[in-house]
Visitor: 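Take a look at this one; I'll ask things after.
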Amino acid sequence: MCVTRGLLSMSDEQIKATMGHEFGHLAHKDTDRILVVSVGNTIISIIFMIIQICIIIANIFVAIASVFSRHGFLISIFNALVTFLSLIVLRGLMKLWTTFGVALCMKTSRGNEYQADKFSHDLGYGSELCTVLASFGDAKARGLFASLASSHPQSSDRIARLVELGAVYPR
């Protein structure tokens, strides 16, 4: 956790509300989940890289073998085409994995924010957290993909949830 000058300019109760929220992330092991996802993505990336290297090595062996064949030119053209298509499919799968992975991580992250807000509320700082959240404003994500890539829900949605839990916040 980092304490910024902006946080230090808030009231003691707002600082406690913010720290309660951050401790909520720790209590729910949100950082552990992020670590597991990062390690998983690294493993998948290594697997994709190994597959790419295998495709390139196979390409080299077929190119060498085509030199000794009487149909070498046709084999070389076919080999280049298969390698090209294989690498495009692999890169497409990597892009798909990344796109869906980021969307799922961000959805989980938005859910984690609500849980951390509830944790701060349960500590008795729900109303103060509403005030802190309201000070951030509501920068609306534009478009479906921007909304999916957002790691935090709208402040107004978070305030509404806190009010549902019993926080007092004048509109």
Side-chain angles (χ1 to χ4, degrees), residues 1-55 87-171:
M1 286 189 287
C2 294
V3 177
T4 64
R5 289 183 193 161
L7 179 65
L8 292 176
S9 69
M10 295 181 181
S11 72
D12 288 349
E13 295 303 304
Q14 290 172 336
I15 292 171
K16 290 176 187 177
T18 303
M19 296 304 283
H21 169 89
E22 296 306 328
F23 282 122
H25 285 302
L26 294 174
H28 294 115
K29 303 201 183 294
D30 297 339
T31 53
D32 292 353
R33 286 187 211 132
I34 291 169
L35 179 63
V36 168
V37 168
S38 296
V39 169
N41 283 337
T42 300
I43 291 169
I44 294 296
S45 295
I46 289 170
I47 290 170
F48 278 134
M49 188 176 14
I50 290 170
I51 292 170
Q52 280 181 316
I53 290 169
C54 290
I55 290 170
L87 291 175
I88 285 188
V89 167
L90 189 61
R91 297 273 167 96
L93 289 172
M94 287 172 63
K95 179 71 175 162
L96 197 61
W97 172 266
T98 303
T99 302
F100 284 121
V102 167
L104 290 173
C105 285
M106 293 303 104
K107 182 182 182 332
T108 300
S109 179
R110 289 188 298 272
N112 293 344
E113 292 303 315
Y114 289 122
Q115 284 184 328
D117 289 347
K118 183 180 182 313
F119 189 87
S120 185
H121 174 272
D122 291 347
L123 291 174
Y125 299 108
S127 300
E128 292 81 7
L129 187 57
C130 288
T131 304
V132 172
L133 291 169
S135 72
F136 297 148
D138 250 344
K140 184 86 170 151
R142 295 180 184 202
L144 174 64
F145 292 109
S147 295
L148 290 175
S150 174
S151 63
H152 286 67
Q154 297 290 316
S155 293
S156 57
D157 293 340
R158 292 170 67 185
I159 291 169
R161 286 240 184 136
L162 286 165
V163 168
E164 286 175 14
L165 292 172
V168 177
Y169 181 70
R171 298 266 168 189

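The figures here come from the full heavy-atom set of this structure, side chains too, leaving out hydrogens, waters and symmetry mates. In this text, all values refer to a predicted model and were calculated from it rather than measured experimentally. Along the sequence shown, residues are numbered consecutively beginning with 1.
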Visitor: Dump the intermediate steps for side-chain contact (heavy atoms from CB on, under 4.5 Å) on Lys118 and Gln115, then the final yes or no.
Guide: CA-CA 5 Å; Lys118 183 180 182 313; Gln115 284 184 328; 5.6 Å; no

Visitor: Heavy-atom distance under 4.5 Å between the side chains of Glu128 and Tyr125, does that happen here?
Guide: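 Glu128 reaches Tyr125 side chain to side chain.
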
Visitor: For His25 and Asn112, does a side-chain donor sit closer than 3.5 Å to a side-chain acceptor?
Guide: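 No - no donor-acceptor pair under 3.5 Å links their side chains.
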
Visitor: Tell me if a side-chain donor or acceptor on Ser127 pairs with a main-chain N or O of Tyr169 at a distance below 3.5 Å.
Guide: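 Checking the backbone N and O of Tyr169 against the side chain of Ser127, no donor-acceptor pair under 3.5 Å is found.
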
Visitor: What distance separates Ile159 CD1 from Leu129 CG, expressed to the nearest 0.5 Å?
Guide: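 Reported value, rounded in 0.5 Å steps: 8.5 Å.
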
Visitor: Supply the atom-to-atom distance Ser109 OG to Asp30 CG, rounded to the nearest 0.5 angstrom.
Guide: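 These two atoms lie 8.0 Å from each other.
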
Visitor: Should Trp97 and Leu93 be marked as a side-chain contact (heavy atoms from CB on, under 4.5 Å) after you check the CA-CA gap, both sets of side-chain angles, and the distance that decides it?
Guide: CA-CA 6 Å; Trp97 172 266; Leu93 289 172; over 6 Å; no

Visitor: Would you call Glu113 and Arg158 a salt bridge, taking side-chain N to carboxylate O under 4.0 Å as the test?
Guide: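 The answer is yes: the pair qualifies as a salt bridge.
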
Visitor: How long is the straight-line distance from CZ of Arg91 back to CZ of Phe48, given to the nearest 0.5 Å?
Guide: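 It comes to 11.0 Å.
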
Visitor: Is a side-chain N or O of Ser155 found less than 3.5 angstrom from the main chain of Ala134, in a donor-acceptor match?
Guide: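 Side chain of Ser155 to backbone of Ala134, a donor-acceptor pair under 3.5 Å: no, none is there.
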
Visitor: How long is the gap from CE on Met94 to CD1 on Ile47, to the nearest 0.5 Å?
Guide: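 Reported value, rounded in 0.5 Å steps: 11.5 Å.
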
Visitor: So which heavy atom on Ser135 is nearest to which on Met10, and how close?
Guide: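 So the minimum-distance heavy-atom pair works out to OG-CE, 4.3 Å.
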
Visitor: Do the side chain of Ser9 and the main chain of Gly6 share a donor and acceptor less than 3.5 angstrom apart?
Guide: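 Flag set: sc Ser9 to bb Gly6 pair under 3.5 Å.
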
Visitor: Rounded to the nearest 0.5 Å, how far does CE of Met49 lie from CD1 of Ile53?
Guide: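 Those atoms lie 6.0 Å apart.
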
Visitor: Run the side-chain contact (heavy atoms from CB on, under 4.5 Å) test on Leu7 and Met19 for me, step by step, so that the C-alpha distance in whole Å, both residues' side-chain angles and the decisive distance to 0.1 Å come before the verdict.
Guide: CA-CA 10 Å; Leu7 179 65; Met19 296 304 283; 4.2 Å; yes

Visitor: So, does His121 use its side chain to make a donor-acceptor pair with the main chain of Asp117 at under 3.5 Å?
Guide: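 Checking the backbone N and O of Asp117 against the side chain of His121, no donor-acceptor pair under 3.5 Å is found.
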
Visitor: Going by an N to O cut-off under 4.0 Å, is there a salt bridge joining Asp157 and Arg161?
Guide: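 Looking at Asp157 and Arg161, the cut-off is not met.
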
Visitor: Looking at Phe119 and Ala27, what are the two nearest heavy atoms and their distance?
Guide: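 Scanning both residues, the minimum pair turns out to be CE1-CB, 3.7 Å.
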
Visitor: With rounding to the nearest 0.5 angstrom, report the CG to NZ distance, Leu123 to Lys16.
Guide: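 Here the rounded value is 11.0 Å.
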
Visitor: Could you walk me through whether Thr108 and Val37 pass the side-chain contact (heavy atoms from CB on, under 4.5 Å) check?
Guide: CA-CA 11 Å; Thr108 300; Val37 168; over 6 Å; no

Visitor: Of the non-hydrogen atoms in Ser120 and Gly20, which two are nearest, and what is the gap between them?
Guide: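 For Ser120 and Gly20, the tightest heavy-atom pair comes out as CB-C, 3.8 Å.
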
